[in-house]
J.: 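Just dropping this structure here.
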Amino acid sequence: MFTGILINKDESGYRASCEQIDEALLPEGEVTVRIDWSSLNYKDGLAITGQGPVVRRFPMVPGIDFAGTVSDSRDPAWQVGDKVVLNGWGVGEIHWGGLAQQARVRGEWLVPLPAAFSARQAMAIGTAGYTAMLCVQALERHGIAPDSGDILVTGANGGVGSVAIALLAKLGYTVVASTGRPSEAAYLKTLGASAIIDRNELSAPGKPLGKERWAGAVDTVGSHTLANVCAGIRYRGAVAACGLAQGMDFPASVAPFILRGVTLYGIDSVMAPQPVRREAWERLGRNLDPARLEAITHEIGLSEAIATAGQLMQGRVRGRVVVDVNR
Ligand code: NDP
């Protein structure tokens with residue numbers, strides 16, 4: 001038996017609880033992992049609270065990422081004792097995930113724990129931080145350099161936003177943080193933000209084109225915010241869009257794209273191929289300041305994950321939440 005969060009949906013409704021689970025129920029997979037740390041991402045919040053249609057098979061162990069140690073392997077690429085990390089691939093959605101003491105997964109989904117990090121640090125980064133790196137890499141590949149101009153990060157206090165600010169600042173960019181919690185300005189400046197704007201400036205329907213304000217942007221919010229961000233990007237700038245915290249809609253016009261040559265990059269972390277993942281983790285090892293990572297991180301035990309998921313959905317959680325699955 002092992003301890004895990006289990007989500008059920010039946011005639012008595014949708015509910016998540018912390019339970020003892022029989023190992024015999026672990027899903028198919030070549031590699032069994034003893035999990036050390038998991039984390040809480042926005043998608044886990046949607047899954048645990050049932051506020052979004054994330055879970056597509058029941059019962060489901062949520063948790064879209066984990067770091068742990070291989071305890072059994074039928075995949076020659078992985079040996080017992082190997083330290084591994086997993087993000088995405090539908091884990092915690094259609095395949096049992098990381099908010100538990102054990103997981104069984106496909107060997108090809110795993111990446112080695114980067115040498116730069118402990119398992120706890122890897123989960124402090126988690127899917128949110130790895131997605132932030134994918135966004136930063138998209139802007140870099142576009143040719144946006146620290147001297148190109150200001151970079152906007154929306155959803156600044158969230159997991160993706162916090163790590164994006166820390167990464168961009170470390171790389172020498174000037175970062176403008178958009179947040180609904182201006183009371184957290186000091187925290188955002190500690191991470192490396194140079195200026196803070198109120199997210200209300202961006203969240204209502206806006207004009208097709210606005211003043212050219214930012215060379216690039218990382219958007220975790222979607223909806224009108226993403227439309228207004230695109231309208232405020234400088235000539236030939238770019239936006240890396242990864243999130244939908246405001247909404248999944250995109251009520252924009254083509255004006256920024258056809259009149260200012262703005263590029264909109266879509267960022268997906270879930271199905272990203274292995275070389276992309278490994279490069280992103282390697283870059284995180286080089287470019288994320290461990291002290292800033294610790295400042296972003298809040299630790300909870302597995303038994304607190306359900307309550308914290310509710311707080312995450314209410315926008316009351318700052319930065320990243322790591323989950324000690326063994327307490
Ligand atoms: P968090 O919950 O940690 O952060 C989301 C932040 O968005 C909040 O802290 C808040 O920041 C802001 N926000 C919340 N509600 C609203 C709203 N109604 N309008 C505007 N801003 C809002 O989530 P994550 O950082 O983990 O994820 C951010 C987004 O990125 C999510 O939509 C998630 O699904 C997506 N994502 C996508 C991935 C991909 O592969 N494409 C991978 C990982 C995440 P503040 O208080 O500062 O305003």
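Counting starts at 1 for both ligands and their atoms, in listed order. Along the sequence shown, the residues carry numbers beginning at 1.
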J.: Atom CG in Leu40, atom CD1 in Ile48: separation rounded to 0.5 Å?
T.: 5.5 Å
J.: Could you tell me which non-hydrogen atom of Ala177 sits nearest to which non-hydrogen atom of Ala156, and how far apart they are?
T.: CB-CB, 3.6 Å
J.: Once rounded to the nearest 0.5 Å, what's the spacing between atom CG of Asp65 and atom CE of Met123?
T.: 4.5 Å
J.: Give me the one residue out of Asp219, Thr179, Thr225 that meets side-chain hydrogen bond (donor to acceptor under 3.5 Å, both in side chains) with Thr154.
T.: Asp219
J.: Can you list the residues that meet the ring pair (Phe, Tyr, Trp, His ring centres under 6.0 Å) rule with Tyr265, with sequence neighbours excluded?
T.: His142
J.: State the CZ-CH2 distance between Arg104 and Trp96, to the nearest 0.5 angstrom.
T.: 10.5 Å
J.: List, for ligand 1, each N/O atom that has a protein N/O partner under 3.5 Å away, with both atom names and the distance.
T.:
unit_1	atom_1	unit_2	atom_2	d
ligand 1	3 (O)	Gly159	N	2.9
ligand 1	9 (O)	Gly158	N	3.3
ligand 1	9 (O)	Arg181	NH2	3.0
ligand 1	13 (N)	Arg199	NH1	3.3
ligand 1	21 (N)	Arg199	NH1	3.3
ligand 1	25 (O)	Gly159	N	3.0
ligand 1	25 (O)	Val160	N	2.8
ligand 1	26 (O)	Tyr42	N	3.4
ligand 1	32 (O)	Leu244	N	2.9
ligand 1	32 (O)	Ala245	N	3.4
ligand 1	40 (O)	Ser269	N	2.7
ligand 1	40 (O)	Ser269	OG	2.7
ligand 1	41 (N)	Cys242	O	3.0
ligand 1	41 (N)	Ile267	O	2.8
ligand 1	46 (O)	Arg181	NE	2.8
ligand 1	46 (O)	Arg181	NH2	3.3
ligand 1	47 (O)	Ala156	N	3.4
ligand 1	47 (O)	Asn157	N	2.9
ligand 1	47 (O)	Asn157	ND2	3.3
ligand 1	47 (O)	Thr179	OG1	2.6
ligand 1	48 (O)	Gly180	N	2.7
ligand 1	48 (O)	Arg199	NH1	2.8

